[in-house]
Protein chains: 2
Amino acid sequence: MMRSMGRWEPNARGRLERAALALYRERGYERVTVAEIAREAGLTERTFFRHYADKREVLFGGSAALQEFLVGKVAAAPADTSPIELVVAALAATGEVFDERRDRARQRQTVIDAHPELRERELIKLATLATALAGALRERGVEESAAILAAQAGIAVFQVAFVRWLADGERDMAELVRGAYEELRTVTAGG
Amino acid sequence: MMRSMGRWEPNARGRLERAALALYRERGYERVTVAEIAREAGLTERTFFRHYADKREVLFGGSAALQEFLVGKVAAAPADTSPIELVVAALAATGEVFDERRDRARQRQTVIDAHPELRERELIKLATLATALAGALRERGVEESAAILAAQAGIAVFQVAFVRWLADGERDMAELVRGAYEELRTVTAGG
DNA sequence: CGAACCGATGTCAGTGTCTGACATCAACGT
DNA sequence: ACGTTGATGTCAGACACTGACATCGGTTCG
């Protein structure tokens, strides 16, 4: 059993993520090479690519955990809830994860918004999340296209709420998610 | 004035798009090099990159036209329509563009669905479309977040309808868009 | 008509991303 | 001790993409 110091400095991924965010913020995503990130983290370029599939992925280390969190919430919710409410309730609960880390999230988002390549990656993460949520709904017996639409609408709500959460200094995710959901209901009710 | 044959074969973009789709279908996206596509089209790699920003973009030549079409429909619609109805009506009208080209669309989509890089590009095109639709709604006086949510919800409807349109052999876009919209209304009405 | 110009293409050299193959070396179990 | 394991390093190479400059029909203008 390893006590605390192995052959290598621990937490290679953490060091890579920190170094990447810092460098991307200083010089902009395109003007940073993977070799530089790796060097800053005390590693080699090749090792970077063993931890992250590509140069973008290093900014999205947390998305798998977020997905598990949301799917878990949906799966664990009471039985008599409607699909869209299941999703919205799960999203509102992400405050547990997000509210503590607003500054870091802002930094990360600033970098992402400035670079189309990173926007693409963010979108596919959200789409993957939507698919996972739809799958969790189906597990609960929700019909296919209702599951997809509920999940997708939920993601739209989340995006609106997330932008406000970043801009805002006080209100928490739960409140903002609820607010955006009410707006969606108003909008889709219109005929 | 040039009659019909210039110094170069005409329609370079069209040739590149055809060659790319054919090669991607034969061997899969990753196993085709840009140099091969260009050679197949009677051009050089460098010229490919003058027409398309990258290897993915060659499959998305039509998305700008689709966006203009939809934005135009939203802008031209009668005055007393609700935001979501504006978007849905525009989407239903895309049959004019799509219904004739189902086979080609299927081929293209098969390639895209098989490669995450291409999925990413598709998603950012849809996101761009959503932003453009939201802008068109704002032009008509719709409030910001209502515009965003209506556009985003509309895109979700479109995606569901489009998948069905590809799978289906008979029903047209208008019908499928209307059907998916009704489902969305049912889902979001649930409380 | 000839010269200057223009626009799409070609040529070439170079940077950076990403991959495969193989080597290293501390920790661990036997 | 000794073989195994797993994270890392080293090296070579394919390929995406870019900047700089050359080419050459067609167009325009004097």
Side-chain angles (χ1 to χ4, degrees), chain A residues 1-21 23-24 26-61 111-112 114-121 124, chain B residues 1-21 23-24 26-61 111-112 115-122 124:
Chain A
M1 172 226 220
M2 192 176 85
R3 275 251 126 244
S4 70
M5 282 288 295
R7 176 181 178 189
W8 312 279
E9 296 298 315
N11 195 22
R13 288 177 68 97
R15 271 148 50 216
L16 287 169
E17 291 183 12
R18 281 191 168 281
L21 181 56
L23 289 171
Y24 289 169
E26 282 173 25
R27 280 190 275 148
Y29 172 78
E30 313 110 337
R31 307 193 56 190
V32 175
T33 70
V34 172
E36 287 169 333
I37 298 169
R39 190 157 53 77
E40 184 76 14
L43 296 167
T44 64
E45 185 183 4
R46 191 66 184 86
T47 298
F48 176 99
F49 286 112
R50 287 200 180 96
H51 285 281
Y52 299 99
D54 58 50
K55 189 183 169 185
R56 300 156 210 94
E57 198 67 15
V58 68
L59 282 179
F60 297 87
V111 173
I112 292 173
H115 300 281
E117 297 192 10
L118 296 172
R119 279 283 295 156
E120 283 190 346
R121 182 56 49 87
I124 206 169
Chain B
M1 178 238 238
M2 191 176 86
R3 276 255 122 241
S4 69
M5 282 287 295
R7 175 179 180 191
W8 312 278
E9 297 298 315
N11 195 22
R13 287 178 68 97
R15 271 149 48 218
L16 287 169
E17 291 182 12
R18 281 190 168 284
L21 181 55
L23 289 170
Y24 290 168
E26 281 172 27
R27 310 214 306 262
Y29 172 77
E30 313 112 337
R31 307 193 55 189
V32 176
T33 70
V34 172
E36 287 170 333
I37 297 168
R39 191 158 52 78
E40 184 76 13
L43 296 167
T44 64
E45 185 183 6
R46 191 67 183 85
T47 298
F48 177 98
F49 286 112
R50 288 199 180 95
H51 285 280
Y52 299 98
D54 58 49
K55 190 182 169 185
R56 300 155 211 99
E57 198 67 14
V58 69
L59 282 180
F60 297 87
V111 174
I112 291 173
H115 301 281
E117 296 192 12
L118 297 172
R119 279 283 295 157
E120 283 190 347
R121 183 55 49 87
E122 183 182 40
I124 206 169

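Just so we're clear, the structure is a prediction, and the values are computed from it rather than from any experiment. Throughout, a chain's letter reflects where its sequence line sits, starting with A, and its residues are numbered from 1.
One can place CZ of B:R13 at 12 Å from P of C:dA8, the figure rounded to the nearest angstrom. Taking atom CG on A:L23 and atom P on C:dG16, their separation rounds to 14 Å, with Å as the unit. Taking atom CG of residue B:D54 and atom P of nucleotide D:dC15, one finds them 17 Å apart after rounding to whole Å. Rounded to a whole Å, the CZ atom of A:F48 is 8 Å from the P atom of C:dC18. Distance B:N11 CG to C:dA8 P: 14 Å, rounded to the nearest Å. Atom CZ of A:R56 is separated from atom C1' of C:dC18 by 10 Å (rounded to the nearest Å). If you measure from atom CZ of A:R31 to atom P of C:dG16, you get 11 Å, rounded to the nearest angstrom. Distance, B:R39 CZ to D:dA16 P: 13 Å, rounded to whole Å.
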Could you write nucleotides 7-14 of chain D as a row of B, S and -, 5' to 3', where a protein heavy atom under 4.0 Å of any base atom gives B, of only sugar-phosphate atoms gives S, and otherwise -? BBBB----
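Taking each heavy atom of B:E40 and B:A19 in turn, the nearest pair found is CG-CB, 3.6 Å.
The CD1 atom of B:I112 sits 12.5 Å away from the CD atom of B:E117 when rounded to the nearest 0.5 Å. For the atom pair B:K55 NZ and B:R121 CZ, the distance stands at 12.5 Å (nearest 0.5 Å).
Taking B:R119 as the reference, B:E122 meet the salt bridge (charged side-chain N to carboxylate O under 4.0 Å, His left out) condition, with sequence neighbours excluded.
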Would you tabulate the side-chain donor-acceptor contacts of residues 32-39 of chain A under 3.5 Å, counting partners in other chains and residues two or more places apart, or write 'none'?
residue, atom, partner, partner atom, Å
A:T33, OG1, A:E36, N, 3.2
A:E36, OE1, A:R27, NH1, 3.3
A:E36, OE1, A:R27, NH2, 3.4
A:E36, OE1, A:T33, N, 2.9
A:E36, OE2, A:R27, NH1, 3.3

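The aromatic rings of A:Y29 and A:Y24 lie perpendicular to each other, with more than 60° between the two planes, well past the 30° mark.
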